[in-house]
Each structure stands twice: as C-alpha cells, then as structure tokens.
Amino acid sequence: MDKKIKVLEKLEEKHFIQMEKIELKYYSKEHITPWKETKKWYDKYNNSTVAIEHEGKIIAFLNMFPIKKDIYDKIKQGIYNDKFMTAGDMASVSKKMFMYLSCIVVEEGFRIPDVFKLLFDTACSHYDGCDILSIIEESVTKEGASYVKKLNFKPVCETIFGTYVFECLYSDFMKALNSLK
C-alpha cells in the first residue's frame, strides 16, 4: 500500500467539515448526519470515527459505534433515519453491545482492498475483548449494499426512506473481514 496513506490519529473540526463535503459527492443531504453532530459522536467516543488521509487530504472514513438497543431496533424496523442520530443514541462500550456501521465513504481512485481493510481493522481494533452481539447498517447506494453483502450482512428490510437495512452477527462480520485481502 502507498506509504502516504495513513490513519489520522486525531480528528478536528476541519476534518468533519471535509468528511461531510466528501459525503455530499455520493449521498443526498437527506441521508447525511450534519458534521457538527458527527463531531459530537467523536467527542463522546473518539473511536466512533476512523479517517484515512493521503497527502494531507481525507480519502476515506467510517463511523462505527455501539448504539442503544431501542435505536438498533428502530433501524432494524426501517423507521429510523440516522441523519437525526445524536450522541445520546450511542451506547457505552460494555461487555455486550449492538454495533452500528453508520457510514463508510471511500473516494474514487482509492477504492482498493487495502484502504477498506485499514478502515475496518482500525475501527474493529477498538472493540477487541468486547462481546458484540450483532452489527447493523443502512445502505443508501447499490454499491454499499453490494459491499456489505461481501461482509456477511444479510438484508433485513427496505426503510421508509427508500434505503436498505442489513444485519449480521458480529462474529460473522469479523470472519469476512479476516478473509479480505
């Protein structure tokens, strides 16, 4: 992998503004949590966001964190738009958790297995030793839906927002990640 590609150790306001601009290239505004709120997620739990840069510019990021069971259930029912998720919806890191993969964006030209693997390896390393029951995500794009299926996610439902919810056991998710090359 290009040695200029690296995980950002500390994220600042400017990074969240840049990530929102990247998201707007691929998603409509109705599916994007405002950068000020995602910064609050990070302020509450700084492992919630992983960003990768290349030559000083963010080229990929993801948001993945534990959420409260009632929020998990609403997502699973297809009635919750994570655009409105707040830091208060996040659960504390504990022995048993439900995980949410909120967003993954990789800039065109950097959509290579090494970048995806670095994002997920970094994000998942924060939860070593935790008993994560399952992980859920909502795909806005066909590309996203196709990708999460490769990670052992199974379709759950179409949401009232026209997106698709996928879920899997965290152990199955980790098996798929470990097989990525």
Side-chain angles (χ1 to χ4, degrees), residues 7-13 15-16 19-20 23 31-52 58 60-106 116-140 144-145 147-157 159 161 163-180:
V7 174
L8 281 165
E9 296 298 321
K10 185 175 185 328
L11 300 176
E12 300 170 9
E13 182 176 297
H15 297 121
F16 289 90
M19 288 184 277
E20 182 178 74
E23 271 189 286
H31 298 293
I32 298 174
T33 305
W35 73 264
K36 288 182 181 181
E37 190 60 44
T38 57
K39 172 88 168 60
K40 288 178 186 176
W41 299 350
Y42 181 79
D43 290 342
K44 179 175 181 173
Y45 183 58
N46 67 358
N47 292 325
S48 66
T49 304
V50 174
I52 296 177
I58 293 176
F61 66 93
L62 70 74
N63 301 107
M64 190 174 93
F65 46 85
I67 56 174
K68 294 177 178 175
K69 179 70 165 91
D70 65 314
I71 300 300
Y72 188 98
D73 291 341
K74 288 177 184 175
I75 294 168
K76 189 170 181 172
Q77 294 167 23
I79 61 171
Y80 187 84
N81 185 339
D82 76 350
K83 173 182 178 153
F84 303 108
M85 185 173 287
T86 68
D89 296 327
M90 298 169 78
S92 299
V93 174
S94 61
K95 294 277 183 191
K96 293 196 182 280
M97 299 184 297
F98 294 92
M99 191 67 68
Y100 184 49
L101 175 57
S102 170
C103 180
I104 180 167
V105 178
V106 180
F116 285 97
K117 186 155 178 47
L118 182 58
L119 276 173
F120 282 114
D121 285 351
T122 303
C124 293
S125 71
H126 302 303
Y127 304 103
D128 288 346
C130 295
D131 184 14
I132 301 169
L133 303 173
S134 58
I135 182 168
I136 199 163
E137 77 86 44
E138 180 183 349
S139 288
V140 174
Y147 188 75
V148 297
K149 287 177 185 176
K150 294 176 187 173
L151 299 175
N152 290 332
F153 281 82
K154 305 293 185 238
V156 174
C157 69
T159 71
F161 315 105
T163 57
Y164 297 89
V165 174
F166 293 83
E167 178 185 42
C168 72
L169 295 175
Y170 193 76
S171 57
D172 291 342
F173 172 65
M174 291 305 295
K175 285 176 193 170
L177 287 181
N178 290 331
S179 71
L180 288 179

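Computed from a predicted model, the values in this text were never measured in an experiment. Just so it is clear, the values below take in all heavy atoms, side chains as well, and ignore hydrogens, waters and symmetry mates. Start at 1 with the first residue, then count along the sequence.
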Q: For the residue pair D82 and Y100, confirm or rule out a side-chain donor-acceptor distance under 3.5 Å.
A: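 Side chains of D82 and Y100: pair found under 3.5 Å.
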Q | Output field: ring centroids Y147/F116 closer than 6.0 Å | A |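 Yes; F116 has its ring centre under 6.0 Å from that of Y147.
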Q | Separation between CG of N47 and SG of C124, rounded to the nearest 0.5 Å | A |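 Rounded to the nearest 0.5 Å, the CG-SG separation comes out at 11.5 Å.
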Q: With rounding to the nearest 0.5 Å, note down the distance linking OG in S139 to CZ in F153.
A: 8.5 Å
Q | Parallel, tilted or perpendicular: rings of F120 and F173 (30°, 60°) | A | perpendicular
Sidechain-backbone polar pair: [X] side chain, [Y] backbone, donor-acceptor under 3.5 Å:
X    : Y    : value
N63  : T49  : no
D89  : T86  : yes
N178 : M174 : yes
K68  : M90  : no
H15  : E12  : yes

Q. Sequence neighbours excluded, which residues qualify as salt bridge (charged side-chain N to carboxylate O under 4.0 Å, His left out) partners of D73?
A. K69
Q.
Run the ring pair (Phe, Tyr, Trp, His ring centres under 6.0 Å) test against F16 and tell me which residues pass, sequence neighbours left out.
A.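 F16 satisfies ring pair (Phe, Tyr, Trp, His ring centres under 6.0 Å) with Y42 only.
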(Q) Taking side chain to side chain contact (heavy atoms under 4.5 Å, CB included) as the definition, give me every residue that meets it alongside D131, ordered by chain and number, with sequence neighbours left out. (A)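 For D131 the side chain to side chain contact (heavy atoms under 4.5 Å, CB included) partners, ignoring immediate neighbours, are K96, L133.
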**Q.** Heavy-atom side-chain contact between L11 and M19 under 4.5 Å
**A.**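 In short, these two side chains touch, coming nearer than 4.5 Å.
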Q: Check each of Y45, Y72, Y127, W41 against F65 using the ring pair (Phe, Tyr, Trp, His ring centres under 6.0 Å) test, and report the only one that passes.
A: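 Single pass found, and it is W41.
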Q) Would you call E167-K76 a salt bridge at under 4.0 Å N-O? A) yes
Q: Report, as yes or no, whether the 6.0 Å neighbourhood of atom NZ on K83 holds more than 12 heavy atoms from other residues, nucleotides or ligands.
A: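 Result for NZ/K83: enclosed.
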